Q: 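The structure under discussion is supplied below as structure tokens; questions concerning it will follow.
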Amino acid sequence: MTEELKQLLERAVKNIARDSKQELPEGFMVRLERPRQAGHGDWATNIAMQLAKPFGMKPRELADRLIDQVPLGEVVEKAEVAGPGFINFTLVSNWITETLKNTISQNEKYGRVNLGRGRRVQVEFVSANPTGPLHMGHGRGAAVGDITASILDFAGWDVEREYYINDAGLQMELLGKSAQSRYFDELGRGDEAPMPEDGYHGEYMTDIARSFVKEYGEELANKPLEETVAFFSAETGKIVTEMIRKDLEEFGVTFDVWFSEKSLYDNGQVEPAMEELKDRDFAYEEDGALWFRSTLFGDDKDRVLIRTNGVPTYFTSDVAYLKNKYDRNFEKLIYVWGADHHGYVPRLKSVNKAFGHPDDSVDVLLIQMVNLLRDGKPVQMSKRAGTIITLREIMDEVGVDATRFFFVMRRCDSTLDFDLELAKKATSENPVFYVQYAHARICSIYRELEERGIAIPDIEEFDVSQITDPTEINLVKAISRLPEEVAKSAEEFAPHRIAYYATELAEAFHSFYNSQRILGVDEPVMKARILLMQATKITLKNVLGLLGVSAPEKM
RNA sequence: GUGCCUGUAGCUCAGCUGGAUAGAGUGUCAGCCUCCGGAGCUGAAGGUCUCGGGUUCGAAUCCCGACAGGCACGCCA
């Protein structure tokens, strides 16, 4: 119905432009917005104010002429000019019927839009080094990445989730040495393989060392250290990656592809990427190293791709990886990174341009830090002291649902305060429970219906004239917003919008529930309200589904 | 020093591709089920949108400049 209104307005604008022999400004589009204020109708537009200048008319005068061109009856019930030149539209009550019918008939598909038109998009996220368990920051990245991917899927994109395993750098050797050292410790021969100074000290390393002892006994200790370190690196990397995979799975995040950085080298994909840069004259050799001309893109110095000693940098892998992604025919690439990597974004964008791709086919979501609190007080963490709080600990303490919700509650580019005690609270302070409670309440009504032997009416029986209370209309309005909220959050890569919307939807429901009854009222009213509950339940479930949060029937 | 992010109610934050009286939650205060789940609802109080300029019919929103907090500036990853 909103589309129809848009078309009516577009036609009206064109008519007026023609009659007054005015040109429409380039790229002009009719945009409708939800008025913030109740009493300002269902939709509003500011086009009269936008076009007043180019048309050489007064905003209100133009608004009046626009209204004259919009027929009343089929779509619009009322149109009025307000304030400096807004036009407020009230739709015919049909929109209520339409919304409920849509919701109930589309069911689990309700809220889907076709913004993506089936285009392929890759969301690469978490991508933590396989050197230790995931911590808080990774958790936020995981939630944001996963939920963004879900939203894009809902918005009609063909989405792939990918984890990039950084298993090629120096840190892997350090990991191997650390494991080796712990292995010797377990055998009581610690002196033979000292722990590297900045090695990995976490407890998990001891567990891993024990597993080596269990499987190989002293066998690995009877060879020269240099001979086994590569084995330790590779095996430990695998074990840690598996640990990470399990944690993420429990967190509700599954990846379509686990992409190994090392495989870029093993499969010879690095060389061609370098050659392509050289061919395009974006890379050159100097002082025995290979350089990328990042200064062409505003960087203050060129960056090294291959070091003097012949060893490629991390950046090199990323160049090859980017090329590899495009080779897999993605139209859009989304990187979810911790904000501490922000300085690296221009470099990635530069390479993207150097390869001749449009700037907007790569988007980097920078996720700001997480401050962990307990009862409002910061939790002290130190890598050195081994007091890092892991994602697993948080999941275990506050549960997956609350953890996910809290991680996406805020805009990505603002730092997040995560209060463990608050997240655990099963009270109104906790927005997760507020939303889930709404769903559970409706389920409870359904149980009651069944007990009383009342059947759920067919949507065709819906009688819109029974929906009269402001809280009811408000609830329908909230339900009807899902598709546009999906579209907006997909366009902006803003998963937090969905968390906010979920809360607003629940609020509309609770408000209705407290002021009106579903059972024990006249049958026509009851039937209409049961259908309203049906649509509310579907919408709540779909929204929670997008967030990866469960929609419990009982709490 | 340079770059990026942030600064909105006591606290935690939405709103930022310019629009109407700046919104939530929480906290404070006052109320609300003999009834479908009170983990709920209704209302009140609470604001120089950090500050100063500019653009505009109109600025929390855009531009410039301060100030404050966070993060990053390797032939590390």
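Values below: every heavy atom of this structure, side chains too, minus hydrogens, waters and symmetry copies. Naming convention: chains lettered A, B, ... in sequence-line order (proteins, then strands); numbering from 1 in each chain. All values reported here derive from a predicted model rather than from experimental measurement.
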Q: To the nearest angstrom, how far is Arg303(A) atom CZ from rA77(B) atom P?
A: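 Answer to the nearest Å: 14 Å.
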Q: Applying a 4.0 Å non-hydrogen cut-off, can you work out what Glu507(A) is touching in the nucleic acid: base, sugar-phosphate, or nothing?
A: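 Sugar-phosphate: the residue Glu507(A), judged by heavy atoms under 4.0 Å, touches backbone atoms but no base.
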Q: Stacking between rA20(B) and His40(A), yes or no? Criterion: centroid separation under 5.5 angstrom, plane angle under 30 degrees.
A: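 It does: the ring sits over the base of rA20(B).
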Q: Relative to the 5' end of RNA chain B, which residue comes earlier, Glu286(A) or Ala506(A), by the nucleotide with the nearest heavy atom?
A: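 Closer to the 5' end of RNA chain B: Ala506(A).
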Q: May I ask you to evaluate whether Arg347(A) reaches the phosphate of rA77(B), defined as a side-chain N or O under 4.0 Å from OP1 or OP2?
A: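 So the side-chain polar atoms of Arg347(A) never come under 4.0 Å of the phosphate oxygens OP1 or OP2 of rA77(B).
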Q: Hey, mind stepping through Phe282(A) and Val351(A) against side-chain contact (heavy atoms from CB on, under 4.5 Å) and telling me if it holds?
A: CA-CA 9 Å; Phe282(A) 286 111; Val351(A) 175; over 6 Å; no
Q: Below 4.0 angstrom from OP1 or OP2 of rC57(B), is there any side-chain N or O of Lys58(A)?
A: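 No, outside the criterion.
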Q: Write down the partner of rG18(B) under the Watson-Crick or G-U wobble criteria, each distance required to be under 3.5 Å.
A: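 With both distances under 3.5 Å required, rG18(B) matches none.
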Q: Indicate, with a heavy-atom threshold strictly under 4.0 Å, whether Ser511(A) touches base, sugar-phosphate, or nothing.
A: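 Counting heavy atoms under 4.0 Å across all strands, the contact made by Ser511(A) is with sugar-phosphate only.
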Q: Gln368(A) has an atom CD; how far is it from atom C1' of rC13(B), in whole Å?
A: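 Nearest whole value for this atom pair: 15 Å.
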Q: Work out how far the P atom of rA44(B) is from that of rU8(B), and round it to whole angstrom.
A: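 Going atom to atom, P in each nucleotide, I get 25 Å.
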Q: Whole-Å distance between rA59(B) P and Asn46(A) CG?
A: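 Roughly 15 Å, once rounded to whole Å.
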Q: Of the nucleotides rA72(B), rA77(B), rC75(B), which has the atom closest to the Thr308(A) side chain?
A: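 Nearest to the side chain of Thr308(A) among the choices is rC75(B).
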Q: Determine the interatomic distance between C1' on rC29(B) and the same-named atom on rA72(B); round to the nearest Å.
A: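 Roughly 46 Å separates the two C1' atoms.
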Q: Select one nucleotide: of rG37(B), rC75(B), rC36(B), the one nearest the side-chain heavy atoms of Trp291(A).
A: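 Of the candidates, rC75(B) comes closest.
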Q: Please state whether the phosphate of rG15(B), meaning OP1 or OP2, lies under 4.0 angstrom from any side-chain nitrogen or oxygen of His496(A).
A: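 His496(A) to rG15(B) OP1/OP2: side-chain N or O found under 4.0 Å.
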Q: Please confirm whether Lys488(A) makes a cation-pi placement over Tyr501(A), using NZ or CZ under 6.0 Å from the six-membered ring centre and within 45° of the ring normal.
A: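 No; the conditions do not both hold, so Lys488(A) does not lie above the ring face of Tyr501(A).
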Q: Identify whether any heavy atom of Ala440(A) sits under 4.0 Å from a base atom; if not, whether one sits that close to sugar-phosphate; answer base, sugar-phosphate or nothing.
A: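 Touches a base.
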Q: What integer distance in Å separates Asn514(A):CG from rC41(B):P?
A: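 Value for this atom pair: 6 Å.
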Q: According to a strict under-4.0 Å criterion, is Arg441(A) in side-chain N/O contact with OP1 or OP2 of rC36(B)?
A: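 No.
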Q: With a 3.5 Å limit on both atom pairs, tell me what rG3(B) is paired to, counting Watson-Crick and G-U wobble, or say none.
A: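 When the pairing criteria are applied, rC71(B) turns out to be the nucleotide that pairs with rG3(B).
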Q: Out of curiosity, Leu290(A) CG to Tyr284(A) OH, how far, rounded to the nearest 0.5 Å?
A: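 Between Leu290(A) CG and Tyr284(A) OH, I get 9.0 Å after rounding to 0.5 Å.
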Q: Please find the pair of heavy atoms, one from Ile367(A) and one from Cys412(A), that lie closest to each other, and give the distance.
A: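 Nearest pair, atom of Ile367(A) first, then Cys412(A): CD1-SG, 3.7 Å.
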Q: So, is the end of the Lys353(A) side chain (NZ or CZ) under 6.0 Å from the ring centre of Phe297(A) and within 45° of the ring's axis?
A: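 No, cation not above the ring by the 6.0 Å, 45° rule.
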Q: Taking pairing as Watson-Crick or G-U wobble with both contacts under 3.5 Å, can you name the mate of rG65(B), or confirm there isn't one?
A: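 Across any shown strand, rG65(B) pairs with rC51(B).
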Q: Please classify the nucleic acid contact of His510(A) as base, sugar-phosphate, or nothing, using heavy-atom distances under 4.0 Å.
A: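 Result for His510(A) = sugar-phosphate.
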Q: Tell me every residue that passes side-chain hydrogen bond (donor to acceptor under 3.5 Å, both in side chains) with Glu485(A), counting only those two or more places apart in sequence or in another chain.
A: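 With sequence neighbours excluded, Glu485(A) shows a side-chain hydrogen bond (donor to acceptor under 3.5 Å, both in side chains) to Arg481(A), given in chain and number order.
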Q: Quote, to the nearest angstrom, the C1' distance that separates rU48(B) from rU2(B).
A: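 Each nucleotide's C1' atom is 33 Å from the other's.
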Q: Taking CD1 from Ile306(A) and P from rC76(B), how many angstroms apart are they, rounded to a whole number?
A: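 The distance from CD1 of Ile306(A) to P of rC76(B) comes to 13 Å, rounded to the nearest Å.
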Q: Between rA45(B) and rG31(B), how many Å separate the two C1' atoms, rounded to a whole number?
A: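 Per the computed distance, 15 Å lies between those C1' atoms.
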Q: Could you tell me the separation between the CD1 atom of Ile454(A) and the P atom of rC36(B), rounded to a whole number of Å?
A: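 These atoms are roughly 13 Å apart.
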Q: Do you see a donor-acceptor pair shorter than 3.5 Å between the side chains of Tyr434(A) and Glu507(A)?
A: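 Side chains of Tyr434(A) and Glu507(A): no pair found under 3.5 Å.
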Q: C1' atom, rA9(B) versus rG15(B): distance in rounded Å?
A: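 That atom pair is separated by 14 Å.
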Q: What is the nucleic acid contact for Ile445(A), judged by heavy atoms within less than 4.0 Å: base, sugar-phosphate only, or nothing?
A: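 Since only primed, P, OP1 and OP2 atoms lie under 4.0 Å of Ile445(A), the category is sugar-phosphate.
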Q: Given that both distances must come in under 3.5 Å, which nucleotide forms a Watson-Crick or G-U wobble pair with rA45(B)?
A: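 Here rA45(B) is not engaged in any pair, so there is no nucleotide opposite it.
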Q: When the C1' atoms of rA60(B) and rU50(B) are compared, how many Å lie between them, rounded to an integer?
A: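 Per the computed distance, 12 Å lies between those C1' atoms.
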Q: Paired with rG10(B): which nucleotide, if any, by Watson-Crick or G-U wobble criteria at under 3.5 Å for both distances?
A: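 Across all strands, the one nucleotide that pairs with rG10(B) is rU26(B).
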Q: Would you mind classifying the nucleic acid contact of Asn88(A) as base, sugar-phosphate or nothing, using non-hydrogen atoms under 4.0 angstrom?
A: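 Here Asn88(A) touches the bases of the nucleic acid.
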Q: Under 4.0 Å, counting only non-hydrogen atoms across every strand here, what does Ala44(A) touch: a base, just sugar-phosphate, or nothing?
A: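 The answer is base, as Ala44(A) lies within the cut-off (heavy atoms under 4.0 Å) of a base atom.
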Q: With respect to the phosphate group of rG74(B), does any side-chain polar atom (N or O) of Arg307(A) fall under 4.0 Å of OP1 or OP2?
A: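 No.
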Q: Quick one: on RNA chain B, does Cys412(A) or Ala168(A) contact a more 5' nucleotide (nearest heavy atom)?
A: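 That would be Cys412(A).
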Q: Would you confirm whether the ring centroid of Tyr513(A) sits within less than 6.0 angstrom of the ring centroid of Phe509(A)?
A: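 Centroid separation for Phe509(A) and Tyr513(A): below 6.0 Å.
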Q: Do Thr316(A) and Thr313(A) have side-chain atoms, one donor and one acceptor, less than 3.5 Å apart?
A: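 There is such a pair between these side chains.
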Q: Counting primed atoms plus P, OP1 and OP2 as sugar-phosphate and everything else as base, spell out the protein contacts along nucleotides 6-12 of chain B at 4.0 Å heavy-atom distance: B, S or - for each nucleotide, 5' to 3'.
A: S-----S
Q: Against the six-membered ring of Phe315(A), is Arg347(A) placed for a cation-pi contact (under 6.0 Å from the centre, within 45° of the normal)?
A: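 The answer is yes, since Arg347(A) meets both limits relative to Phe315(A).
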Q: How long is the gap from CG on Leu322(A) to CD on Glu124(A), to the nearest 0.5 Å?
A: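 So the CG of Leu322(A) and the CD of Glu124(A) are separated by 10.5 Å.
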Q: In whole angstrom, give me the gap between the P atoms of rG65(B) and rC49(B).
A: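 It works out to 22 Å between them.
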Q: Categorize Phe315(A) for me: base, sugar-phosphate, or nothing, with a 4.0 angstrom heavy-atom threshold over every strand shown.
A: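 Result for Phe315(A) = nothing.
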Q: May I ask which nucleotide in the shown strands pairs with rA59(B), Watson-Crick or G-U wobble, both distances under 3.5 Å?
A: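 Paired with rA59(B), as far as the under-3.5 Å criterion goes, is no nucleotide at all.
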Q: To the nearest Å, give me how far apart CZ (Arg497(A)) and P (rU17(B)) are.
A: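 The answer, rounded to whole Å, is 10 Å.
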Q: Suppose you measure atom P in rG18(B) against the same atom in rC41(B); what distance do you get, rounded to whole Å?
A: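 After rounding to an integer number of Å, I get 34 Å for this pair.
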Q: Please state how far atom CZ in Arg36(A) lies from atom P in rA22(B), giving the value in whole angstrom units.
A: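 It is 8 Å, rounded to the nearest whole Å.
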Q: Looking only at side-chain N and O atoms, does Gln171(A) offer a donor or acceptor that is under 3.5 Å from a partner on Asn166(A)?
A: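 Note: Asn166(A) and Gln171(A) side chains miss the donor-acceptor criterion.
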Q: Among the candidates rG3(B), rA77(B), rC75(B), find the nucleotide nearest to the side-chain atoms of Tyr344(A).
A: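 Of the options given, the side chain of Tyr344(A) lies nearest rA77(B).
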Q: When we call it a touch if two heavy atoms are under 4.0 Å apart, what does Gln516(A) touch: a base, just sugar-phosphate, or nothing?
A: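 Gln516(A): base contact, heavy atoms under 4.0 Å.
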Q: Return the minimal non-hydrogen interatomic distance between Asp401(A) and Ser550(A), and the atom names on each side.
A: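 Smallest interatomic distance, heavy atoms only, reads OD2-OG, 2.5 Å.
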Q: Is any N or O donor-acceptor pair between the side chain of Ser444(A) and the base of rC36(B) shorter than 3.5 Å?
A: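 No such pair is found, so the answer is no.
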Q: Does Trp43(A) have Arg34(A) sitting over its ring (NZ/CZ under 6.0 Å from centre, angle to axis within 45°)?
A: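 Yes, a cation-pi geometry holds between Arg34(A) and Trp43(A).
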Q: Which residues in residues 47-57 of chain A have at least one heavy atom lying under 4.0 Å from any atom of RNA chain B?
A: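 Of all residues in residues 47-57 of chain A, the ones placing a heavy atom under 4.0 Å from RNA chain B are Met49(A), Lys53(A).
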